[in-house]
Amino acid sequence: MKSIRGALTAGVLASLFVVFAVCASALYLYVRYALTREFDHSLFGKARAFASLSNRGAEDLEGRLVALSGLPPAVQETVGRELQGAPLSEVEQVTRDGRLFYKIETSRQGMESEFLVSGAGQYLGVVDEFDFAFYEAALPEFQPSPDAEYYQVWDEDEEPVTKSPSLGAANLVLPDGATSVPRTFNLALPDGRRGRAALLAFRPRGKGGASSGETDGSEELVLVMARSRAGLDQALRVVGTGLIGAFLLIGVCSTLAVRWFVARGLETLGEVAAQAATIDEASLAHRFPVTGVPAEVMPICLRLNELLHRLQNAFEREQRFTADAAHELRTPLAELHLLAEVGLRASLQAAATKDFAQHFRDALAIAEQMERLVAALLTLARCQSGLQVVLMQPTGLVELVRQSWMPFQQETQFRNLALSFRLDPDAEIETDPALLGPVLGNLFSNAVAYSPDQGEIVVEMSHDPQGLYLHVTNAAEHLEPADLEHLFEPFWRKDKARSDSSHSGVGLSIIAAFAGLLGVHVVAALPAPGKFRVTLGPFHKLHSTRDTA
């Protein structure tokens, strides 16, 4: 079974989760972009600094020759370790920008080579044809260590020119494709760590060294500067973990909050449901409150109140109907009971034979009255249950009116009632004459019965774009506007004490029921003081030669 609470909760939570997931993903992508861009910017900055301090040749490193025994102990230790038994050719002491370096020349397998040691005894790498002025700075990050950084230079033929001491015998990867365009890329560092590298093409300075600031027009070289991206990855993991944690936390909090707010928002519906569950036929006077309720619930309360009002009226009409039917039947039944007792006594007295026959004539009249009442109730029940058959056909309205009036001509003349017909003789409508005939008969019966002597009864027609209307107007001195809503209720009478054996009390109720089956309205009105009018219509006109009002 579908639940409004469940649907609202699921919908709101799904929307919140989707929005947060989209926002968190966008935020993570932006942070990753910003951190990677900052990381690359730093990497490119160091690469450009290296390139700006590069030079061809090592002439600027020439200095004063010194003996090995004259070197500081730290330098002697580093030189001894690096020579590894190779013969020493010479040692030059070089001073650059106030810093002291030692250039050591040695012979390895018949090949002359040079390496550089700082004044503090730090090994600075092999001195090749191409050299970086950064050797003087003795940057520790390019020395072999667990956190070492790396660089390597290639010429135009992609042949290695020089590299950082931290690489040792390993080499960095030169990516495929154009190398003249600066770019960054991910790679695996020689020690197995995940790294990121910056590729930069440049031309080194000439032999004037670091102070000249000019290139010598030599070939273009490619520098790759690489370092571990562990810090970047750690920052991204922290951001990702934080967003996931925030997503879970917000998800839990949102679920609790949404469930609480939805439950609280639907409390009014629960209260309405609880009130509705207590309503039965004895509490139809109950009305749901419409003040202080949410705007979405107010229409429900209003419709329920209208329904309860209609049900209350229907139950009251049913109760009145039952009471009136019992009242109407009680009198003839009592009379029948009395006549039966009298007839029984009279039958025992030979002298009362004449009165005996009259008693049975009275009993027959009462039985006929009860028969009419029962027939009217059965007819009304058939209409209300939808069992009454309706056969629509073209019908001449004037002829049907005159036929329905014929049973009342004698009483009209006897009471000097003035009768006026204002009808279109050619009016033809589509209706069921078997139902419309009793409707007209009941209308005329009520008009004759309740008109005062020498009163006037008017039967007339009118037309409008909706169709044709039939009006029956008679004098009615005791009706008031408040009585109109009760006229079509079974057994309703203006004078509760009045009893008329010629009327069952359900005539107007049958008129309303038959009119509904015929698809027309029946409306009672007081058009003028002392005048009562019943209007039937609109009927669908098939033919009419003139309109009369």
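None of these values were measured; they are calculated from a predicted model.
When all heavy atoms are compared, the tightest approach of Pro481 to Leu526 is N-CD1, 3.6 Å. Closest non-hydrogen pair, Leu536 versus Ala515, comes out as CD2-CB, 4.3 Å. Pairing each heavy atom of Val161 with each of Asp155, the nearest pair is CG2-N, 3.6 Å. For the residue pair Glu430 and Met392, the shortest heavy atom distance occurs at O-CE, 3.4 Å. Pairing each heavy atom of Pro190 with each of Ala170, the nearest pair is CB-CB, 3.9 Å. Closest heavy-atom contact between Val290 and Cys301: CG1-CB, 4.0 Å.
Distance CD/Glu77 to CD/Glu82: 11.0 Å, rounded to 0.5 Å. Here OG of Ser107 is found 11.0 Å from CG of Leu83. Values are rounded to the nearest 0.5 Å. To the nearest 0.5 Å, atoms CG (Leu200) and CG (Leu223) are separated by 6.0 Å. If you take OG1 on Thr255 and CD1 on Ile250, they are separated by 11.5 Å, rounding to the nearest 0.5 Å. Distance check, rounded to the nearest 0.5 Å: CG of Leu199 to CZ of Arg183 gives 6.0 Å. Note that the NE2 atom of His41 and the CG atom of Leu43 stand 11.0 Å from one another [nearest 0.5 Å].
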- Run the numbers on Val224 and Tyr151 for side-chain contact (heavy atoms from CB on, under 4.5 Å), then give the verdict. CA-CA 5 Å; Val224 172; Tyr151 68 82; over 6 Å; no
- Task: Could you please spell out the steps behind the side-chain contact (heavy atoms from CB on, under 4.5 Å) verdict for Leu391 and Leu435?
- Result: CA-CA 9 Å; Leu391 298 175; Leu435 295 180; over 6 Å; no
- Would you please test Lys46 and Glu149 for side-chain contact (heavy atoms from CB on, under 4.5 Å) and show each step? CA-CA 11 Å; Lys46 181 170 284 191; Glu149 299 182 12; 3.2 Å; yes
- Item | Trace of the side-chain contact (heavy atoms from CB on, under 4.5 Å) decision for Cys253 with Leu249 | CA-CA 6 Å; Cys253 295; Leu249 179 61; 4.0 Å; yes
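Between Glu141 and Ser164 the shortest side-chain heavy-atom distance does not fall below 4.5 Å. Using a 4.5 Å cut-off on side-chain heavy atoms (C-beta onward), Gln143 and Pro165 make contact. Counting heavy atoms from C-beta on, the side chains of Glu92 and Arg64 never come closer than 4.5 Å.
Residues satisfying the side-chain contact (heavy atoms from CB on, under 4.5 Å) test with Val534, not counting sequence neighbours, are Leu443, Val522, Phe532. Shown here are the salt bridge (Lys or Arg N to Asp or Glu O under 4.0 Å) partners of Glu271, two or more places apart in sequence or in another chain: there are none. Residues that satisfy the side chain to side chain donor-acceptor pair (under 3.5 Å) test with Asn305, not counting sequence neighbours, are absent from this structure. Listed by chain and number, the residues in a side-chain contact (heavy atoms from CB on, under 4.5 Å) with Gln152 are Trp154, Pro160, Lys163, Leu167, Asn171, Leu172 (sequence neighbours excluded). The side chain to side chain donor-acceptor pair (under 3.5 Å) test applied to Asp191 returns Tyr150, Arg193, not counting sequence neighbours. Thr184 pairs by the side-chain contact (heavy atoms from CB on, under 4.5 Å) definition with Asp40, Phe44, Arg196, Ala198, not counting sequence neighbours. Partners of Arg310 under the side chain to side chain donor-acceptor pair (under 3.5 Å) rule, at least two apart in sequence or in another chain, do not exist in this structure. Every residue two or more places apart in sequence or in another chain was checked for a side chain to side chain donor-acceptor pair (under 3.5 Å) with Asp432, and none qualifies. For Val91, the side-chain contact (heavy atoms from CB on, under 4.5 Å) partners two or more places apart in sequence, or in a different chain, are Val66, Leu71, Leu88, Tyr102, Ile104.
When atom types are taken as modelled, the side chain of Asp157 and the backbone of Glu159 share no donor-acceptor pair closer than 3.5 angstrom. A donor-acceptor pair is defined here as one N or O able to donate and one able to accept, closer than 3.5 Å; no such pair exists between the side chain of Glu220 and the backbone of Arg203. When atom types are taken as modelled, the side chain of Thr78 and the backbone of Ala74 share a donor-acceptor pair closer than 3.5 angstrom. Looking at Thr106, its side chain does come within 3.5 Å of a backbone N or O of Pro87 through a donor-acceptor pair.
Screening residues 2-40 for ring-ring contact (aromatic ring centres under 6.0 Å, His included), with sequence neighbours left out, gives Phe17-Phe247, Phe20-Phe247. The stretch residues 233-244 participates, sequence neighbours left out, in these salt bridge (charged side-chain N to carboxylate O under 4.0 Å, His left out) pairs: Arg194-Asp233, Arg229-Asp233.
A salt bridge does not link Arg287 with Glu306: none of the charged nitrogens is closer than 4.0 Å to a carboxylate oxygen.
Between Tyr469 and Phe539, a ring centre-to-centre spacing not shorter than 6.0 Å is recorded.
Defined by atom type and a distance below 3.5 Å, a donor-acceptor pair is present between the side-chain atoms of Arg227 and Ser42.
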Under 3.5 Å, side-chain donor or acceptor atoms of residues 258-265 against the rest of the protein: list the pairs with distances, not counting sequence neighbours.
none

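Atom CD of Gln393 is surrounded by more than 12 heavy atoms from other residues, nucleotides or ligands within 6.0 Å.
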